[in-house]
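Note sheet for the following structure.
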Amino acid sequence: MDEELFTATANLTVAEDDDTSRIWLLTTGSQLIMMQVGFLLLENGYIRRKNIISILFKNVGDYAVSSLVWWVIGYGLAFGDGLGPFGGSLFFLIEATPYQKAQFFQSCVYMTTCATIISGSVTERICLWSYYSLIIMVAAIYYPLVAHWTTGGWLSNI
């Protein structure tokens with residue numbers, strides 16, 4: 001009985017043309033955006049009063065800059081085809097299907113959440129432009145590389 005259930009579960013695939021899959025990606029991505037607010041409040045609770053506006057600006061800019069970099073280069077490297085350890089197509093979402101656009105939204109929110117976690121660790125310890133340089137590297141290189149490895153690269157085969 002358990003063996004049959006395991007076999008049936010292992011054979012399930014995601015229907016990319018299904019509206020339900022896209023709605024799920026958009027719903028979970030929207031819920032993850034609320035984590036940004038939670039991180040913002042958490043960071044502001046641990047800093048000195050004089051730095052509150054700076055942290056607000058940093059977190060809003062963090063979301064904007066990392067989302068833009070993810071749209072321009074990150075998503076294409078993470079989920080595209082080719083280029084060895086990176087992907088390679090899907091830059092600017094030019095040839096993306098509706099499912100890939102919904103996947104872009106969810107993965108963008110995950111990536112910006114990763115960048116915001118970094119923000120909490122460097123609060124009051126790094127200047128703004130150095131932080132944005134770090135976030136650009138995370139959105140353009142580090143996160144896409146790991147995402148590509150785990151969603152179709154060598155780490156997914158382990």
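If you're wondering where the values come from, they're calculated on a predicted model, not measured in any experiment.
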*asked:* Go through it in stages, so that I can follow the logic: the residues are Asn59 and Tyr63, the test is side-chain contact (heavy atoms from CB on, under 4.5 Å), and I'd like the CA-CA distance, side-chain angles, deciding distance and then a yes or no.
replied: CA-CA 6 Å; Asn59 280 2; Tyr63 191 79; over 6 Å; no
*For Gln103 and Tyr75, run side-chain hydrogen bond (donor to acceptor under 3.5 Å, both in side chains): C-alpha distance rounded to whole Å, both residues' side-chain angles, the deciding distance at 0.1 Å, then the answer.*
CA-CA 9 Å; Gln103 183 188 28; Tyr75 184 77; 2.9 Å; yes
_Between Tyr132 and Ile126, is the side-chain contact (heavy atoms from CB on, under 4.5 Å) condition met? List the steps._
CA-CA 10 Å; Tyr132 283 149; Ile126 192 172; over 6 Å; no
*Test side-chain contact (heavy atoms from CB on, under 4.5 Å) applied to Leu77 and Leu145, step by step*: CA-CA 7 Å; Leu77 291 175; Leu145 183 65; over 6 Å; no
*Thr112 vs Trp70, side-chain contact (heavy atoms from CB on, under 4.5 Å): CA-CA, chis, key distance, verdict*: CA-CA 9 Å; Thr112 56; Trp70 185 249; over 6 Å; no
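Across all their heavy atoms, Met111 and Ser66 have their closest contact at CE-O, 3.1 Å. Closest approach of Ala147 and Ala78 over heavy atoms only: CB-CB, 3.9 Å. Shortest non-hydrogen contact noted between Gly120 and Thr123 is O-OG1, 3.3 Å. Residue Gln36 comes nearest to Thr116 through the heavy atom pair OE1-OG1, 2.7 Å, listed as atom of the first residue, atom of the second, then distance.
A donor-acceptor contact shorter than 3.5 Å is absent between the side chain of Ser67 and the backbone of Ala64.
Taking OG of Ser119 as the start and CD1 of Ile55 as the end, the distance is 6.0 Å to the nearest 0.5 Å. For the atom pair Leu40 CG and Asp62 CG, the distance stands at 10.5 Å (nearest 0.5 Å). The CZ atom of Arg49 lies 11.0 Å from the CG atom of Asn44; values are rounded to the nearest 0.5 Å. Met35 CE to Tyr110 OH: the interatomic distance, rounded to the nearest 0.5 Å, is 8.5 Å. One distance of note links CD of Glu43 with OG of Ser54; it measures 10.0 Å at 0.5 Å rounding. Taking NZ of Lys50 as the reference point, atom CD of Glu124 lies at 7.5 Å (rounded to 0.5 Å).
With hydrophobic clusters built from ILVMFWY side chains whose heavy atoms lie under 4.5 angstrom apart, Ile33 shares a cluster with Phe39. Under a hydrophobic clustering in which Ile, Leu, Val, Met, Phe, Trp and Tyr are joined whenever their side-chain heavy atoms come within less than 4.5 Å, directly or via other members, Leu93 and Phe105 fall into the same cluster.
Annotation: salt bridge (charged side-chain N to carboxylate O under 4.0 Å, His left out) contacts involving residues 130-154, sequence neighbours excluded, are absent.
Under the rule for a ring-ring contact (aromatic ring centres under 6.0 Å, His included), the partners of Phe92 that lie at least two apart in sequence or sit in another chain are Trp71.
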